[in-house]
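Note that ligands are numbered from 1 as they come in the structure, with each ligand's atoms numbered from 1 the same way.
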Amino acid sequence: MFIEELRARTKEDHQQLDKLLIPYIKGCNTVAKYADLLQCFYGYFHPLESLISAYIDDDIVPQYSRRRKSNVIEEELQSMHENLHAINEDVPLPRIDNIAGALGAMYVLEGSTMGGKIISKILAENLGKQPSDIRFFNYYGDDTDVLWGQFVQSLNMFADELEDAGKGVVISVARNTFHCFKAWIEYYYLQKASGS
Ligand code: HEM
């Protein structure tokens, strides 16, 4: 199955992202720090979802419209009376110019809901909330595994029709999606630390 190859080829990228993010997640012990974390995710997910939308629809990935996660961040920040930061025009983003690339990037965004199960528990405990109150990181709730399964199935079906070069595009865009997100998080928190 293509998913196994993709998982193996991005394993190290995922580990590096986890390593960078975990201290920020564990350090989220105030609503203000939690809002910063959400702004950080919004700054990357929102423009990336717009790039993906040019190539993916509900026929390619079931329930695609429901999978746009940055809208939930907007709602969550609003409910916390936090203003949404404008998107930084220099945010690093992977280059996406076909369905294969869009699926590679989507693999990373959809996969984040798996890590979200752990992240939402840590955040809920730190902030004295229920995991269901942590909306973005627990966005699919009890449907997480089903939605992930459907995504993996569409990805595998699409990859079955691809030559090696096409599969290579999915992998390289997925890797680049991890790398750009890591670069964005580093930039975002460095900027915060310098007070700008
Ligand atoms: C630091 C917090 C994170 C932790 C602790 C974490 C942990 C995990 C775990 C345990 C899984 C496997 C779940 C399972 O098989 O049941 C997983 C899957 C995945 N996560 Fe993360 N994750 C984190 C953050 C992220 C983020 C921020 C992204 C992307 C933006 C991401 C992308 C993925 C992907 C793509 C998969 C699917 C791998 C596969 O099965 O093919 N993760 N994560």
Side-chain angles (χ1 to χ4, degrees), residues 1-29 33-34 36-52 56 61 67-73 76 91-94 96 100-127 131 134-159 167 169-189:
M1 289 285 200
F2 176 68
I3 183 70
E4 277 137 29
E5 187 184 348
L6 182 58
R7 185 179 296 139
R9 296 283 300 277
T10 53
K11 190 174 169 202
E12 235 174 75
D13 306 310
H14 181 267
Q15 283 170 348
Q16 285 176 10
L17 181 66
D18 281 6
K19 205 170 146 201
L20 173 69
L21 261 178
I22 285 172
Y24 293 117
I25 292 166
K26 290 199 169 155
C28 261
N29 51 7
K33 285 184 186 162
Y34 178 43
D36 282 344
L37 183 71
L38 288 174
Q39 298 273 12
C40 177
F41 271 73
Y42 184 79
Y44 189 67
F45 275 45
H46 188 69
L48 185 55
E49 285 178 344
S50 299
L51 295 183
I52 293 171
I56 307 286
V61 174
R67 297 176 190 262
R68 298 226 19 189
K69 291 169 258 307
S70 59
N71 303 340
V72 186
I73 307 184
E76 192 166 4
V91 58
L93 292 168
I96 295 174
L103 284 174
M106 227 188 138
Y107 165 73
V108 179
L109 299 193
E110 288 303 298
S112 72
T113 64
M114 304 302 279
K117 293 193 230 173
I118 302 171
I119 299 173
S120 54
K121 284 200 186 103
I122 300 174
L123 289 170
E125 205 173 297
N126 279 357
L127 297 162
I134 304 293
R135 290 197 49 210
F136 166 66
F137 289 105
N138 191 28
Y139 176 39
Y140 298 155
D142 292 342
D143 295 342
T144 306
D145 291 342
V146 173
L147 281 157
W148 173 247
Q150 285 176 349
F151 174 74
V152 169
Q153 201 180 9
S154 339
L155 179 70
N156 280 329
M157 273 168 56
F158 184 82
K167 292 190 177 100
V169 171
V170 181
I171 295 168
S172 71
V173 176
R175 295 202 62 193
N176 214 1
T177 304
F178 273 117
H179 300 166
C180 289
F181 192 27
K182 185 165 173 278
W184 166 248
I185 296 166
E186 280 162 350
Y187 169 82
Y188 176 88
Y189 278 103

Below 3.5 angstrom, do we get any N/O pair linking Y107 and ligand 1? yes

Nearest protein heavy atom to atom 7 (C) of ligand 1, by residue and atom, and its distance? G115 CA, 3.6 Å

If we check ring pair (Phe, Tyr, Trp, His ring centres under 6.0 Å) with Y44, which of these qualifies: Y187, F181, W184, F178? F181

My understanding is that we take every heavy atom of each candidate and find the minimum distance to atom 16 (O) of ligand 1. Doing that for E110, K11, M114, K182, which one comes out nearest? M114

Value rounded to 0.5 Å, distance of CG in N156 from CZ in F151: 9.5 Å

Hydrogens and angles aside, do E76 and Y34 bring a side-chain donor and acceptor to less than 3.5 Å of each other? yes

Starting from atom 26 (C) of ligand 1, what is the nearest protein heavy atom, named by residue and atom, and what distance separates them? L17 CD2, 3.7 Å

Please name the residue in the list H46, E49, E110 that meets the side-chain hydrogen bond (donor to acceptor under 3.5 Å, both in side chains) test with K69. E110

Is the contact between T177 and ligand 1 made by the side chain, the backbone, both, or neither, using heavy atoms and a 4.0 Å cut-off? neither

Give the atom numbers and elements of ligand 1 that come within less than 4.0 Å of a heavy atom of I22. 1 (C)

Do the side chains of C40 and Y24 get nearer than 4.5 Å, heavy atoms only? no

Here the gap from N176 atom CG to T10 atom OG1, rounded to the nearest 0.5 Å, amounts to 12.5 Å

Considering only non-hydrogen protein atoms, determine which one is nearest to atom 40 (O) of ligand 1 and report residue, atom name and distance to 0.1 Å. R7 NE, 2.8 Å

Going by the 4.0 angstrom heavy-atom rule, the piece of V108 near ligand 1 is both

If we only count heavy atoms from C-beta on, is the L109 to F45 side-chain gap below 4.5 Å? yes

Between F181 and ligand 1, find which residue part has any heavy-atom pair under 4.0 Å and reply side chain, backbone, both or neither. side chain

Specify side chain, backbone, both or neither for W148, according to which of its non-hydrogen atoms lie closer than 4.0 Å to ligand 1. side chain

Taking heavy atoms and a distance under 4.0 Å, where does H14 meet ligand 1: side chain, backbone, both or neither? side chain

For the salt bridge (charged side-chain N to carboxylate O under 4.0 Å, His left out) test, which of K19, R175, R7 pairs with D13? R175

Is the contact between L6 and ligand 1 made by the side chain, the backbone, both, or neither, using heavy atoms and a 4.0 Å cut-off? neither

Using every non-hydrogen atom in the two residues, find where A100 and V169 come nearest and quote the distance to one decimal. CB-CG1, 4.0 Å

Which residue holds the protein heavy atom closest to atom 24 (C) of ligand 1, what is that atom called, and what is the gap in Å? D18 OD1, 3.5 Å

Counting heavy atoms only, which of S112, A105, G111, P23 is nearest atom 28 (C) of ligand 1? S112

Below 4.0 Å, non-hydrogen atoms only: which portion of L21 touches ligand 1? Side chain, backbone, both or neither. side chain

